[in-house]
2 protein chains.
Amino acid sequence: MLVRIDPDSPAPLHAQISAAVRRGIAVGEIAPGERLPGARDLAAALGVNLHTVLRGYQELRAEGLVELRRGRGAQVRTDAAPAVAALRQAVHALVEEARRLGLSATEVTEMVREAMA
Amino acid sequence: MLVRIDPDSPAPLHAQISAAVRRGIAVGEIAPGERLPGARDLAAALGVNLHTVLRGYQELRAEGLVELRRGRGAQVRTDAAPAVAALRQAVHALVEEARRLGLSATEVTEMVREAMA
DNA sequence: GCACTTGTTCTAGTCCGCATAGAACAGTTA
DNA sequence: TAACTGTTCTATGCGGACTAGAACAAGTGC
């Protein structure tokens with residue numbers, strides 16, 4: 001499991017951390033039931049504060065993706081289903097609409113690239 | 001033209017204002033060439049500061065949706081086609097969801113590229 | 001030309017969320 | 001029991017959001 005953050009990003013660090021784990025679950029990098037790195041370890045590895053990591057973990061718990069328990073750490077819930085399918089569906093709808101407007105593939109991908117920047 | 005904002009929303013007020021106008025253009029509530037309410041008027045109507053409204057307007061100008069000119073006010077660009085604005089909004093929603101999932105820009109654009117092929 | 005409107009720019013202040021920091025606490029595991 | 005791990009608490013510094021007031025400049029309409 002790999003968590004990377006960008007200190008220069010406008011997105012809060014805790015959000016980046018939860019997003020990284022969320023993505024890991026979504027794409028299957030992190031299996032249901034798997035244990036996440038300890039908050040203190042991850043904080044040290046990322047060079048951020050313990051509380052920042054814990055906040056990210058708590059966001060994931062609020063979403064029902066992980067369980068947090070003292071002494072045991074953070075564990076991915078077994079019923080945490082990947083959410084990528086929904087995103088893929090949204091992409092499909094977007095592409096259809098773009099086609100209807102006669103936009104080229106490069107124009108659409110450029111729009112996405114700009115929006116992601 | 002109707003702009004509504006929610007002071008309790010975590011979204012910044014200027015973002016809410018630009019989003020409302022963006023949506024108005026997308027759904028055809030605001031026609032191309034139409035003049036937006038004056039920043040001072042809208043600020044008074046919404047109970048926010050002039051600078052907050054202007055910041056929202058400037059975001060729209062950065063996206064190429066409106067033109068701002070002293071003395072003339074804010075005007076929806078004639079080439080700001082509602083359909084394209086709608087697509088832009090769809091892209092925006094998609095990107096936000098992708099961000100929530102922690103997907104990278106390349107991962108998303110790759111998904112779109114595949115879907116367009 | 002002149003008054004008025006409207007966006008632009010500048011400075012300044014308050015408020016709140018983000019992140020950091022340290023410490024003590026309470027379950028869990030070996 | 002000892003080590004580990006999340007939980008809770010207090011405190012501090014920083015930066016963005018928002019407000020506020022003022023002066024300025026370009027356009028409009030009489």
Side-chain angles (χ1 to χ4, degrees), chain A residues 1 3-22 30 33-78 80, chain B residues 1 3-21 30 33-78 80 99-100 102:
Chain A
M1 173 57 205
V3 174
R4 255 185 273 178
I5 57 174
D6 174 17
D8 298 327
S9 166
L13 297 179
H14 61 81
Q16 291 186 49
I17 292 170
S18 61
V21 175
R22 209 180 284 117
I30 314 176
E34 191 173 329
R35 195 174 166 286
L36 297 180
R40 284 175 178 82
D41 290 348
L42 185 55
L46 296 178
V48 302
N49 192 273
L50 160 67
H51 299 84
T52 304
V53 173
L54 283 175
R55 182 161 177 185
Y57 278 7
Q58 282 158 1
E59 287 166 5
L60 295 169
R61 174 173 59 183
E63 296 172 17
L65 289 179
V66 305
E67 281 187 356
L68 298 182
R69 295 216 188 148
R70 277 188 280 225
R72 248 202 294 183
Q75 201 170 11
V76 179
R77 287 183 56 170
T78 52
Chain B
M1 172 57 204
V3 175
R4 256 185 274 179
I5 57 173
D6 175 16
D8 297 327
S9 166
L13 297 178
H14 60 81
Q16 292 186 48
I17 292 169
S18 60
V21 175
I30 313 175
E34 191 174 328
R35 197 174 163 283
L36 296 180
R40 284 176 177 83
D41 291 346
L42 185 55
L46 296 178
V48 302
N49 193 274
L50 160 68
H51 299 82
T52 305
V53 173
L54 282 175
R55 182 162 175 186
Y57 279 6
Q58 281 158 2
E59 287 166 7
L60 295 170
R61 174 174 58 185
E63 295 172 18
L65 288 179
V66 305
E67 282 185 354
L68 297 182
R69 296 216 186 145
R70 281 187 276 225
R72 248 203 294 183
Q75 201 169 9
V76 178
R77 286 181 55 169
T78 52
R99 272 222 189 78
R100 203 184 67 80

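Model, not experiment: these values are computed from the prediction. Quick note on labels: first sequence line is chain A, next is B, and so on, each numbered from 1.
Under the rule for a side chain to side chain contact (heavy atoms under 4.5 Å, CB included), the partners of A/Asp8 that lie at least two apart in sequence or sit in another chain are A/Asp6.
Looking at residues 47-62 of chain A, you'll see A/His51, A/Leu54, A/Gln58, A/Arg61 sit with a heavy atom under 4.0 Å from some atom of DNA chain D.
Across all non-hydrogen atoms, the minimal contact from B/Ile5 to B/Ile17 is CG2-CG1, 3.9 Å. Nearest heavy atom pair, residue A/Leu50 against residue A/Ala39, reads CD1-CB, 3.6 Å. Heavy atoms only, all atoms of each residue included: B/Gln16 and B/Ser9 are closest at NE2-CB, 3.4 Å. Taking all atoms of both residues into account, the shortest heavy-atom contact from A/Ala74 to A/Leu68 is CB-CD2, 3.2 Å. Scanning all heavy atoms of the two residues, the minimum distance from A/Val3 to A/Val21 falls at CG2-CG2, 4.5 Å. Minimum heavy-atom separation, B/Leu42 to B/Tyr57: CD2-OH, 3.5 Å.
Rounded to whole Å, the distance from CZ on A/Arg70 to P on C/dA24 is 17 Å. Whole-Å rounding puts the A/Leu13 CG to C/dG17 P distance at 17 Å. Between the C1' atom of C/dG7 and the NE2 atom of B/His14 lies a distance of 18 Å, rounded to the nearest Å. The CD-P distance, from B/Glu67 to C/dT6, rounds to 18 Å in whole Å.
For the pair A/Arg40 and A/Ala11, nearest-nucleotide mapping onto DNA chain C gives the more 5' position to A/Ala11. Toward the 5' end of DNA chain C, the nearer of the two residues B/Asp41 and A/Pro12, judged by each one's closest nucleotide, is B/Asp41.
Sorted by first and then second residue, the pairs that involve residues 59-68 of chain A and meet side-chain hydrogen bond (donor to acceptor under 3.5 Å, both in side chains), not counting sequence neighbours, are A/His14-A/Glu59, A/Ser18-A/Glu59, A/Arg22-A/Glu63. Screening residues 35-44 of chain A for salt bridge (charged side-chain N to carboxylate O under 4.0 Å, His left out), with sequence neighbours left out, gives no hits.
Bounding nucleotides for the chain A contact on DNA chain D, 5' to 3', at a heavy-atom distance below 4.0 Å, are D/dC4 to D/dC9.
Residues B/Asn49 and B/Leu13 fail the side-chain proximity criterion, which asks for heavy atoms closer than 4.5 Å.
At its two ends the helix from C/dG1-D/dC30 to C/dA30-D/dT1 runs along axes set 40° apart, each axis drawn from five pairs and the angle rounded to 10°.
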